[in-house]
Protein chains: 2
Amino acid sequence: MTDRRPATIKDVAASAGVGIATVSRVFSGTGSVSAATRDRVLAAARALDYRPSALGRGLKTRGGGGIGVIVPDVTDPFCGELVAGVLACARTLGEHVIVDAAGGDPAREAQIVERLAGQRVAGIIAMPAGDEADWRGAARVCSSVVFAGRVLPEVPGVPSVLADDAGGVRSLTEYLTGLGHRRIGFLGAAPGSPSRVRERAFRDTLAELGVPVEEDLVVAARPGRDAAYAAAAGLLQRRADVTAVLAAGHLLGEAAVLVARGLDLRVPADVSIAMVDDVAWAELCDPPLTAIARPGHDVGYRACELVLREPARRGRGGPVLLPTELVVRGSCGPPRAQRR
Amino acid sequence: MTDRRPATIKDVAASAGVGIATVSRVFSGTGSVSAATRDRVLAAARALDYRPSALGRGLKTRGGGGIGVIVPDVTDPFCGELVAGVLACARTLGEHVIVDAAGGDPAREAQIVERLAGQRVAGIIAMPAGDEADWRGAARVCSSVVFAGRVLPEVPGVPSVLADDAGGVRSLTEYLTGLGHRRIGFLGAAPGSPSRVRERAFRDTLAELGVPVEEDLVVAARPGRDAAYAAAAGLLQRRADVTAVLAAGHLLGEAAVLVARGLDLRVPADVSIAMVDDVAWAELCDPPLTAIARPGHDVGYRACELVLREPARRGRGGPVLLPTELVVRGSCGPPRAQRR
DNA sequence: GACTCCCGTGGAAACGTTTCCATGATGTTT
DNA sequence: AAACATCATGGAAACGTTTCCACGGGAGTC
């Protein structure tokens with residue numbers, strides 16, 4: 001076995017006794033080749049272990065193919081689902097997927113975009129962090145960019161696929177209010193966060209229902225476990241009269257559960273807890289947690305379709321909104337008269 | 001802005017009034033270029049929004065760069081960690097990462113390897129499913145393949161980075177035995193599974209400790225939530241005298257918790273539960289679950305180092321074993337005399 | 001002051017494809 | 001039977017790089 005370099009189209013052509021153009025036609029499926037020739041070429045290729053180089057092809061056809069995905073963190077369950085969705089769609093379309101994690105850092109996002117552009121990917125799917133300017137540049141740089149799971153409202157012309165977070169928070173809020181809760185704590189994202197639709201939906205829904213919004217009950221946590229825990233602890237300690245907590249993310253939900261447990265609060269007798277993101281542990285918690293399920297897989301899948309399949313329709317119309325689902329479990333009940 | 005096609009090195013050269021070789025030198029950092037010329041080239045490049053094409057470069061240098069990662073499922077927490085580790089390492093080395101999920105299907109794995117080979121990636125990191133023959137071929141096809149998190153013992157010459165599962169199961173078994181358990185149920189992977197080191201470690205440890213192994217207590221589940229649940233339910237219903245359950249994976253642990261709850265068994269009073277994989281919900285469970293933490297991130301990181309950085313040392317020596325950690329929480333206690 | 005040496009530079013040949021065009025050999029129409 | 005459309009095929013140019021080689025000139029050495 002002295003096959004050091006991978007075989008090239010020339011080797012195959014020579015071995016099969018045909019021209020390179022014929023070999024190319026056999027592998028790309030275009031043009032017409034006689035059955036006999038095709039067989040000879042295929043046999044030669046197999047013997048040489050030939051595999052067309054995506055580099056050569058990409059160079060000629062201008063565009064390496066493949067699609068890039070940028071998420072804050074691949075270990076986050078929602079991001080994981082999103083990536084899985086992209087992978088599923090890309091596979092049906094025969095494209096490969098370059099994944100990278102930006103850790104929520106705009107500068108790193110910009111770097112990644114730069115690198116993907118260098119790879120000449122066919123499109124980029126991003127769950128963006130906060131820097132609009134960079135993305136405005138990115139939109140120029142790459143043929144097609146789609147936001148998924150999150151948007152930067154200040155970046156125009158970039159289509160997006162989103163979970164209907166506002167709708168989800170609305171139903172959760174209505175559900176809690178329907179149970180009789182009036183003092184609902186909201187654990188949300190920090191002011192700098194790209195989009196605070198969840199907080200707005202919470203406020204709007206309460207307003208519509210005629211429940212006054214107490215600013216003191218709406219707290220913003222910066223990303224990360226520790227900040228989430230601090231926020232939850234702050235809320236529940238400061239306001240012992242809170243009867244329910246709506247956590248706008250699984251990290252915040254986790255924090256709420258842990259803090260409640262640490263404070264010896266019974267769920268849902270002393271305090272009801274609900275959250276956005278129906279992660280695996282929601283069902284394993286005791287009691288199981290009521291949550292909003294966001295269709296991460298579908299978001300990724302649709303985004304990928306959008307970026308590859310419908311270049312014409314991109315940009316037209318608003319964002320694609322995918323429905324969420326309220327999964328009622330045992331963590332919410334009627335409010336207790338007064339804690340402590 | 002009529003910059004339809006991306007600018008090429010030629011455009012930059014023309015615009016800066018130099019030869020293309022000089023532009024190449026400026027961007028690749030090799031050779032010598034005078035400061036003045038460098039500045040002129042850089043300015044021209046910026047003006048034209050030039051970005052070197054990885055395609056052209058890869059073609060010339062034979063090898064597109066980048067590394068491929070193949071896992072069964074990106075949404076699995078351990079796989080997610082592993083991918084994150086690879087991403088972290090690849091970033092420091094300036095490589096991009098192509099990710100794909102094979103869903104545990106050997107045929108799909110083979111397809112993905114084929115595609116990655118076509119991309120001329122610098123290396124492949126795989127958490128392999130069961131077909132040795134395909135991987136034997138893959139090892140030939142790609143410059144360097146490394147197994148991570150799982151191995152196929154029948155494929156020689158492929159280095160690997162593993163979590164020390166055997167050690168983890170051993171400490172868990174010792175821990176349970178030390179608490180006084182003698183009838184420990186083991187929920188493990190199906191016979192077809194690539195490697196059953198965990199089951200073997202369980203058996204060996206019990207044997208060493210002089211505890212007889214009852215075949216009836218060692219059950220194998222096929223992959224997936226439903227099969228896991230079925231296996232756990234079967235075990236706990238069939239053998240009411242089991243005092244502890246050791247689940248060899250987070251899905252199996254989840255199933256054990258759910259089944260115990262469904263059977264109204266108190267944990268750990270009626271039955272102790274422990275598992276491999278310290279996933280997020282282990283701490284949120286009530287009681288929090290004792291678990292073996294596997295260093296998924298490190299496994300990915302080391303595998304990436306191995307595949308890119310130490311091509312010389314690859315293959316020598318046995319697999320790289322990374323230590324696991326026993327995280328004791330509240331789900332295990334001394335055995336109860338008799339259930340029911 | 002002639003020699004060597006090195007530095008900055010440009011030309012040109014690869015790298016492995018795709019694709020346009022030309023060519024010869026068939027088969028088809030009048 | 002002659003002209004013509006059709007088909008299978010090969011040659012060659014391009015795609016955007018890197019890199020070898022050659023060339024000119026300024027500085028250092030004797």
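Bear in mind the structure is a predicted one, so any value in this text is a computation, not a measurement. Every chain is numbered from 1 and lettered A, B, ... according to where its sequence line falls, protein lines coming before strand lines. All values below come from the heavy atoms of this structure, side chains included, with hydrogens, waters and symmetry mates left out.
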Rounded to whole angstrom units, what separation is found between the CZ atom of A/R25 and the P atom of C/dG16? 20 Å
Does A/E109 reach the main-chain N or O of A/A129 with its side chain, forming a donor-acceptor pair under 3.5 Å? yes
5'-most by nearest nucleotide on DNA chain C - B/R62 or A/S28: B/R62
Quick check on DNA chain C: between B/G56 and B/S34, whose nearest nucleotide comes earlier from the 5' end? B/S34
In whole angstroms, the gap separating P of C/dC7 from CZ of B/R38 amounts to 14 Å
Any base atoms under 4.0 Å from B/G17, or only sugar-phosphate, or nothing? Heavy atoms, all strands. sugar-phosphate
Using whole Å, report how far CZ of B/R57 lies from C1' of D/dC15. 16 Å
Can you tell me if the side-chain N/O atoms of B/S32 get under 4.0 Å from OP1 or OP2 in C/dG8? yes
Side chain of B/A21 - closest among C/dT17, C/dT18, C/dA12: C/dA12
What is the distance, rounded to the nearest whole Å, between atom NZ of A/K10 and atom C1' of C/dT18? 14 Å
Mind checking A/L55 for me? I need base, sugar-phosphate or nothing, with any heavy atom below 4.0 Å counting as a touch. nothing
Expressed as a whole number of angstroms, how long is the span from B/L59:CG to C/dC15:C1'? 4 Å
Between CD1 of B/I20 and C1' of D/dA14 the distance, given in whole Å, is 14 Å
How close or far is atom P of C/dG8 from atom CZ of B/R40, stated in whole angstroms? 14 Å
Using a 4.0 Å heavy-atom cut-off across all strands, classify A/S24 as base, sugar-phosphate, or nothing. base
Between C/dT9 and B/T22, is there an OP1 or OP2 to side-chain N/O distance shorter than 4.0 Å? no
How far does CG of A/D76 sit from CD of A/E81, to the nearest 0.5 angstrom? 10.0 Å
side-chain contact (heavy atoms from CB on, under 4.5 Å) evaluation trace for A/V97 with B/D100: CA-CA 7 Å; A/V97 178; B/D100 213 339; over 6 Å; no
By the definition side chain to side chain contact (heavy atoms under 4.5 Å, CB included), identify the one residue from B/L82, B/D73, B/I70 that meets it with B/M127. B/L82
Applying a 4.0 Å non-hydrogen cut-off, can you work out what B/F27 is touching in the nucleic acid: base, sugar-phosphate, or nothing? nothing
Is the base of C/dG16 touched by the side chain of A/R5 through a donor-acceptor pair closer than 3.5 angstrom? no
Any ion pair linking B/D134 and B/R136 (charged N to carboxylate O, less than 4.0 Å)? no
Mind calculating the distance between CD1 (B/I9) and P (D/dC15) to the nearest angstrom? 14 Å
Value rounded to 0.5 Å, distance of OG1 in A/T92 from OH in A/Y301: 4.0 Å
What does A/R51 touch in the nucleic acid at a heavy-atom separation under 4.0 angstrom: a base, only the sugar-phosphate, or nothing? sugar-phosphate
Quick one: is A/T37 getting a side-chain N or O under 4.0 Å of the D/dT9 phosphate, OP1 or OP2? yes
Which part of the nucleic acid, if any, lies within reach of B/T30 when heavy atoms closer than 4.0 Å are counted: base, sugar-phosphate only, or nothing? nothing
